> 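Quick one: this structure, given as C-alpha cells, is what I'll be asking you about.
Bear in mind the structure is a predicted one, so any value in this text is a computation, not a measurement. When reading the values below, keep in mind they use all heavy atoms of this one structure, side chains included, and skip hydrogens, waters and symmetry mates.
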There are 2 protein chains.
Amino acid sequence: MTDLSDSSNFIIKNALLSSRLSKRVGHCLSVHGMSMTEFLVLHSLEGAPRKALSRIELAELLGMSASGITRLVAPMEKIGLVSKESNPRDARQSLVKISETGQRLYSEASVGFDHISNELTENISSVQLEKILELYGRVK
Amino acid sequence: MTDLSDSSNFIIKNALLSSRLSKRVGHCLSVHGMSMTEFLVLHSLEGAPRKALSRIELAELLGMSASGITRLVAPMEKIGLVSKESNPRDARQSLVKISETGQRLYSEASVGFDHISNELTENISSVQLEKILELYGRVK
DNA sequence: GATATATGATTGAGTAATCAACTATTAAAC
DNA sequence: GTTTAATAGTTGATTACTCAATCATATATC
C-alpha cells in the first residue's frame, strides 16, 4: 500500500478515512432516523440567511447533483422537516426551508453528532484540527 | 455553515472534500476505463505480499462489505485485470491476484492519478501532507 | 414582442454500494 | 467423530446516488 506520491496518498487515505467516518457517524445519526446527507441538508439550511436555500445552492454546498437533491429532500418534506417555498421573483425556483420540527431534530442530532465526532478525533488537538481545516481550504 | 465543534466540522468538511476529490480523480481514471474503487483494488493488490489478497482482506482495506467486493471484482476478473486463485489450505477462500495486464494498467493509471493529485494539492507542501497523513492515523 | 438560449427542477434508467439471508467450508467442544 | 459455531463468499432486494432527457420559466436578441 505504498509507492505513490504524498499527494496521491493523501487523496487515497482521505477517501478511505471519510468513508469510515461517514459510516460511524451515519450509524449514530440513524438513531434519529436520519442519514449523514440529510443531516448536512439541515445543517446547511440552519446556517443559511433566511433558513432557506434553493435546490441548486444545496446541491452546490453538498457536492451533489440537482436530481440527487430532489430525491433527498422529497422524503424530508413529506415528514415535515423542511417545506417547499416558492420565490416570487423567479417561479422556476423552489426554495427548501427548514421547519420548526426540522430545527428541533437538527439540534437533537447535533448533540450526538458532536459527541461521536469528539470521540473519533480525541487524539487530535483543536489547534491541529483547525490547521487541517485551513489546509483543506487550500485544496483545489 | 458553522456553530458545531472543530471535531464535527472536521468530519463534515472531510466528507465534502473527499466526495469532491473522488469525483475529480474518478473522472481522470475513467480515461483508463476504471473507477476510483477499482483503482484502489489494483493499488492494494500491487502492494500486497504475493500480489494477492482474499476478498475479506480487500473489503477490510477498502472499508467495503464482502458483497461489495464480490460485485466490484467480478467485472475486473472478466476483463482480465485480476484472476481468482484458490487457497489450498482453506477451500473457502478465493484469493484475488493482480494479472500482468492489471499491473500494466495500474502503472499507466498511476501516472494520471499522481498528476491530478499533485495538481489538486499543489498549494499544500509535502511536509504538510505528511503531517495530515500522520494525523489521519490518529483518528479512531 | 417573437424567437433563441440559459437556468431551476423533476423524471426514467442505470450504477455502485448496502444489508440480510444463504451456501460451503473449517475449527472447536464434547 | 458428531454437533456447534465461526468464517469466506455469493445472491436478492433495496438504497442513494448519477447522467441524459425533459418541462417550465426567465433572459437576451433581433
Side-chain angles (χ1 to χ4, degrees), chain A residues 15-16 18-30 33-41 48 52-79 82-97, chain B residues 15-16 18-30 33-42 48 52-79 81-97:
Chain A
L16 296 178
S18 132
S19 110
R20 238 184 65 213
L21 291 178
S22 297
K23 265 165 211 156
R24 298 285 225 104
V25 170
H27 183 265
C28 146
L29 288 172
S30 75
M34 203 188 306
S35 72
M36 175 85 173
T37 47
E38 286 170 328
F39 180 80
L40 289 177
V41 167
L53 291 168
S54 77
R55 266 121 165 107
I56 295 288
E57 290 169 318
L58 222 28
E60 193 70 23
L61 281 170
L62 303 205
M64 284 177 58
S65 65
S67 68
I69 296 296
T70 295
R71 293 180 156 105
L72 174 58
V73 165
M76 298 178 73
E77 197 189 332
K78 193 164 281 177
I79 63 173
V82 300
S83 63
K84 191 180 275 188
E85 301 228 329
S86 52
N87 180 352
R89 312 221 162 224
D90 191 338
R92 289 171 303 181
Q93 276 194 359
S94 84
L95 301 172
V96 182
K97 181 168 191 175
Chain B
L16 296 179
S18 132
S19 109
R20 238 184 65 212
L21 291 178
S22 297
K23 265 164 211 156
R24 297 284 226 106
V25 171
H27 182 265
C28 146
L29 288 172
S30 74
M34 202 190 305
S35 71
M36 174 85 176
T37 47
E38 286 170 327
F39 180 80
L40 289 176
V41 167
L42 295 182
L53 291 168
S54 77
R55 266 119 167 110
I56 295 289
E57 289 170 317
L58 222 27
E60 193 71 23
L61 280 171
L62 303 206
M64 284 177 58
S65 65
S67 68
I69 295 296
T70 295
R71 294 182 155 105
L72 174 58
V73 164
M76 297 178 73
E77 196 188 333
K78 192 164 283 177
I79 62 173
L81 301 181
V82 300
S83 63
K84 191 179 273 188
E85 302 228 328
S86 53
N87 180 351
R89 311 220 162 223
D90 189 340
R92 289 170 304 178
Q93 277 195 357
S94 83
L95 301 173
V96 182
K97 180 169 191 174

> CD of Gln93(A) versus C1' of dT10(C): gap in Å, rounded?
15 Å
> Quick one: is Lys23(B) getting a side-chain N or O under 4.0 Å of the dC19(D) phosphate, OP1 or OP2?
no
> Return yes if the base of dT18(D) and the side-chain atoms of Arg71(A) contain a donor-acceptor N/O pair under 3.5 Å, otherwise no.
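Answer is yes: a donor-acceptor pair is held.
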> Do Ser67(A) side-chain and dC19(D) base share a donor-acceptor contact under 3.5 Å?
yes
> Between Glu57(B) and Ile69(A), which is nearer to the 5' end of DNA chain D once each is assigned its nearest nucleotide?
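Upstream on the strand: Glu57(B).
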> If you round to the nearest 0.5 Å, how far is CG of Leu62(A) from CD of Glu38(A)?
11.0 Å
> Locate the shortest heavy-atom distance separating Pro75(B) from Leu72(B); write the atom from each residue and the value.
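Smallest heavy-atom distance, with atoms named: CD-O, 3.5 Å.
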> Contact class for Thr37(A) (heavy atom, under 4.0 Å): base, sugar-phosphate, or nothing?
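Sugar-phosphate contact only.
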> NA contact type, Ala66(B), heavy-atom cut-off 4.0 Å: base, sugar-phosphate, or nothing?
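Here Ala66(B) touches the bases of the nucleic acid.
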> Measure CG/Asp90(B) against P/dT26(C) and give the value in whole Å, please.
6 Å
> Round to the nearest Å and state the distance from Leu53(A) atom CG to dA9(C) atom P.
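Whole-Å distance recorded here is 11 Å.
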> As an exercise, state the distance from OG of Ser54(A) to CZ of Arg92(A), rounded to the nearest 0.5 Å.
10.5 Å
> Expressed as a whole number of angstroms, how long is the span from Leu62(A):CG to dA16(D):P?
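Distance check: Leu62(A) CG to dA16(D) P gives 15 Å.
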> So which heavy atom on Gly63(A) is nearest to which on Ser19(B), and how close?
O-OG, 4.1 Å
> Rounded to whole angstrom units, what separation is found between the CD atom of Glu77(B) and the P atom of dT10(D)?
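Result: 9 Å.
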> Can you tell me the distance, in whole Å, between the CZ atom of Arg92(B) and the C1' atom of dT25(C)?
6 Å
> Roughly, in whole Å, what's the span from CG in Leu58(A) to P in dC17(D)?
12 Å
> So, do Arg55(B) and Met64(B) sit near enough that their side-chain heavy atoms are less than 4.5 Å apart?
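A side-chain contact under 4.5 Å is absent here.
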> Return no unless some side-chain N or O of Ser65(A) is found under 4.0 Å from OP1 or OP2 of dC19(D).
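Ser65(A) to dC19(D) OP1/OP2: no side-chain N or O under 4.0 Å.
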> How close or far is atom C1' of dA16(D) from atom CE of Met76(A), stated in whole angstroms?
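Whole-Å distance recorded here is 14 Å.
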> On DNA chain D, compare the nucleotides closest to Ser35(A) and Asn87(A); which residue's is nearer the 5' end?
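In this pair, the answer is Ser35(A).
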